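A quick note: this is a predicted structure, and the numbers were derived from the prediction, not measured.
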Amino acid sequence: MSAYEPKQIEQRWQRVWAEEKTWEVANPGQAGFDDTKPKSYVLEMLPYPSGEPHVGHLKCYAVGDAIAHFRRRRGFQVIHPMGYDAFGLPAENNAIKTGEPPREATERSIASFRRQFREWGISIDWSRELGTHTPEYYRWTQWIFLQLFEQGLAYREEAAVNWCPKDATVLANEQVVDGRCERCGTVVEQRKLAQWFFRITDYAERLLADFDLLESWPEHVITMQRNWIGRSEGAEVTFRCEEVGLDFPVFTTRPDTLFGATFFVLAPEHPELERLVAGTEAEAAVREYVDRVGRESAEERGAEDREKTGVPLGRSVVNPVNGEQIPMYVADYVLMEYGTGAIMAVPAHDGRDYEFAQTFGLPLRRVIEGVDEEAARDEQGLPYPGDGPMTGSGRFDGKGNREAYEEIVAWLREEGRGEDAVNYRLRDWLVSRQRYWGAPIPVVYCDACGEDDEPAIVPVADEQLPVELPAIDDYAPQGRSPLAAAEDWVATSCPRCGGPARRETDTMDTFVDSSWYFIRYLDSKNENAAWDRRASDHWLPVDQYIGGVEHAILHLMYARFFTKALADLGHLDVQEPFANLFAQGMITRDGAKMSKSKGNTVSPGEYVERYGADTARTYVCFMGPPERGGDWTDEGVEGVNRFLSRLWRLCAEVEERTAAGGPDAEAAPEGGPARELLAKAHWAIAKATADFERGFQFNTVIAAVMELVNDAYRLKDGLYGEPAGEAALRFATETGASLIFPFAPHLGAEVFERMTGERVWERPWPEPDPALLASDTVTLIVQVNGKLRDRIEAPAEAGEEELLELARASEKVQGHLDGKQIVKEIVVPGKLVNLVVR
RNA sequence: GCCCGGAUGGCGAAACCGGUAAACGCGGCGCCCUUAAAAGGCGCUGCCCCGAAAGGGGCUUGCGGGUUCGAGCCCCGCUCCGGGCACCA
């Protein structure tokens, strides 16, 4: 009998799928478009092509492909494309080290990914393939940038960035490790540079509200995004500094504690600081403090156990609720980026204000009594952040603080000193990078069009797109984008006035590229538009998105933002890009995250070479629930390989039998092995279908097919009775192939063809026969006082009385009744009897 | 500190609506095939106790309570592990 040789089988089917373009689908209006089927967009996150694919890729695409195959055979027209997120730092860092142009290393890696995806037999519509680094793609990334720019959603502003003084370069956040430059170890500084931003904060509210529009996303991903957006409700209250005649609004979530404010703090970056202290005694100390803070990294400043620091300003503001003068400070625990960059400090009810007050000997004033505390009225138990009755708050005393909250805000509103306010933790998205390997930002600076010595920012005209990335020699950053060195490229003419102008030399964050690729797939060869509305209207949203949790926040939120902004611009008709999201867990080795330095990496290529793609794919799906992680073991791989070999040999044996004796037309009588095997096959169909539809329980789908194959072995030769016979065996084998096909497509296709002469992917997913699922008898569980005492084969149709009689008649049960009184009888028909005795 | 997950045999796990705990796989043990090995096939395999055996009994889903005829699953209180956010007013 021939052995299972995956290589031959796999190559054969890969050739068929490539030559026949089996997985390509047409768009509406194109030849071959099938308008009879509902659509399903199945998408895995596109890979970042660096080096070779790793097991994370294998898992992601194995899971996605199983879904795609299942949906096709359930009658959907499935679109399942692939592309490469090809811009980014690794290729550029490699270029700095080796001098190899990023494009070359990237193309090499893409070729390797493409080849391996084909070797894995992933059912991809290759006609839609894209790379985000190609001018054909980034031309439209630039177009989207300009669309956002025209809407005021892209803007340029000074911002603090990470700066390494030794390398004289700007660093990405990921290149700052523990506040130091990852390359030279120098402490990183904050520098103010003009940067490009996307106004994602305008969408904060919708990004929160539209979680309701999603069909199925993992709860923890939604929670992570919620926390990231960080919506806080409160009030904006204005404190006035009479000495300099300035109003200072603050944001607070606790207007109920206003009477407890005993001091006031500004962030070191606060723009009015200068005016407050200019020419005063405090000026020198304040300036020194602000300078010191400015030199610190965000990491240092945010350190957990850091002592509170600050400097008094020698000024005071008036508390609008009681007219009290409270002293002003500057302190680095107040952040300019959040709220108004100023706070009212209530040390009795806020931990941070409390610490500051302790350090600087400032008074506490309790304005909310603790409810159950012994020392509810004195300084013990402070800071107290909880609820309770108001005290020391004038006419609000005695009221609950929640009630007082509303009344105080209403009062401030009437007085014109405050109003309800909402704040978000979310910041605008900084998209410019002083880097080479990215899509150039398509604007120019024109002095002639500008005013007041400020050059005008002029968008590049649509017909001049793409702004192509020029070839350069030196990729090392010099404190400006490496593109700045390409002087011929930088010097251009102004699209508006035709005069001399300079190109923007920053490139875009790679997250911009990946925020819209799923739309481009729908019309990836379109040279006249980013996409055709007919295509996007038909295919969007993505019905099932699959990828790692590491993208739970950034990528997924950026893509959601892009979708909403593009919908607002009239380019899309969906508000959410991904209706269903599946976040896969990480595969470890020896219990640890895989890394080259630990030497515990698993190369999918090696396993595909040794065991075949079907084994590797089925194994990652069988390891456990795919949303959880799993530890890769070679024994586990062997086990799956053994199972697939068993299916293969079963097929070979059934074929031989036919050659020898011809199919026996058999009846599969009740109680016989043929009937048993057919019933098992239909059970497996029902189980596999249910588990597929329930979500991603692939491990149990595969287990069901294993059970079917085991039963086929057990029954085929009749070791313990009659053999099952040809027809039942053939059906069991065919069914096993059909059900395993989404995981092991090559073997599934091969075995199915040998059994039926047909192509499994052209056959609908099998339906279980209810007549064969039903059984004449059931195992009745008999409990006494909830403990299992006997199992009895009972007629499936038996009524409650009959079951009770059977149960009471059981000898084993009798032994436990033993003179006791039956006080209650519980019957679950077809399942269980519980006798309660006393 | 706040917010999410999770904890079941030697291991990965299963258990759908509160109704047989441990399906399936790994590992281990035994047998068959073989001159032998590999490969393959067949069986056993949660823990403890009684028994020569057949068989019987008890215990068991991180810990402690509760609800229920019945809890891995529901409720209350903890412990440990993993992840996210974190001076966000």
Close N or O pairs between protein and nucleotides 3-11 of chain B (under 3.5 Å):
none

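- Picking from B/G40, B/C16, B/C24 the nucleotide with the shortest atom distance to the side chain of A/Arg642 gives B/G40.
- Using a 4.0 Å heavy-atom distance criterion, A/Gln697 is classed as a sugar-phosphate-only contact.
- The side chain of A/Arg789 contributes no N or O atom lying less than 4.0 Å from OP1 or OP2 of B/U20.
- Residue-level contact check: A/Asn710 touches the backbone only, with heavy atoms under 4.0 Å from sugar-phosphate atoms and none from bases.
- In terms of the side-chain contact (heavy atoms from CB on, under 4.5 Å) criterion, residue partners of A/Arg694 (sequence neighbours excluded) are, by chain and number, A/Asp691, A/Gln697.
- When heavy atoms are screened at a 4.0 angstrom cut-off, A/Val334 is found touching base atoms of the nucleic acid.
- For residues 616-627 of chain A, proximity to RNA chain B is found at A/Phe622, A/Met623, A/Pro625, defined as any non-hydrogen atom under 4.0 angstrom from a strand atom.
- Taking atom C1' on both B/A7 and B/A22, the two are 16 Å apart, rounded to the nearest angstrom.
- Residue pairs meeting the salt bridge (charged side-chain N to carboxylate O under 4.0 Å, His left out) criterion with at least one member in residues 823-832 of chain A, sequence neighbours excluded, are A/Arg808-A/Glu825.
- A/Lys812 comes within 4.0 angstrom of sugar-phosphate atoms only, judged by non-hydrogen atoms across all strands, and of no base.
- Counting any heavy atom pair closer than 4.0 Å across all strands shown, A/Arg427 reaches a base atom.
- A/Gly630 comes within contact range of no nucleotide atom at all, as no heavy-atom separation falls under 4.0 Å.
- Under the 3.5 Å distance criterion, with hydrogens and angles disregarded, a donor-acceptor pair is assigned to the side chains of A/Thr779 and A/Glu793.
- Qualifying ring-ring contact (aromatic ring centres under 6.0 Å, His included) partners for A/Trp683, counting only residues two or more places apart in sequence or in other chains: none.
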Trace of the side-chain hydrogen bond (donor to acceptor under 3.5 Å, both in side chains) decision for A/Asp428 with A/Thr201: CA-CA 6 Å; A/Asp428 275 341; A/Thr201 52; 2.7 Å; yes
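- Within 90° of 0 lies the glycosidic angle of B/G9, which makes this nucleotide syn.
- A/Asn710 meets the side-chain contact (heavy atoms from CB on, under 4.5 Å) test with A/Arg646; sequence neighbours excluded.
- No side-chain heavy atom of A/Met344 sits less than 4.5 Å from a side-chain heavy atom of A/Asn319.
- Put simply, A/Arg226 has no side-chain N or O that comes within less than 4.0 Å of OP1 or OP2 on B/C2.
- With sequence neighbours excluded, the residues forming a ring-ring contact (aromatic ring centres under 6.0 Å, His included) with A/Tyr607 are A/Trp632, listed by chain and number.
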Annotated protein contacts, base or backbone, on nucleotides 67-74 of chain B with a non-hydrogen cut-off under 4.0 Å, one of B, S, - each: --B-----
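- Looking at residues two or more places apart in sequence or on another chain, you find no ring-ring contact (aromatic ring centres under 6.0 Å, His included) involving A/Phe643.
- Qualifying side-chain contact (heavy atoms from CB on, under 4.5 Å) partners for A/Pro795, counting only residues two or more places apart in sequence or in other chains: A/Ala798, A/Glu802, A/Leu806.
- At the heavy-atom level, A/Lys787 lies under 4.0 Å from the strands shown only through sugar-phosphate atoms.
- Applying the ring-ring contact (aromatic ring centres under 6.0 Å, His included) criterion to A/Phe248, with sequence neighbours excluded, gives A/His270.
- Considering only residues two or more places apart in sequence or on other chains, A/Glu5 meets the side-chain contact (heavy atoms from CB on, under 4.5 Å) condition with A/Gln8.
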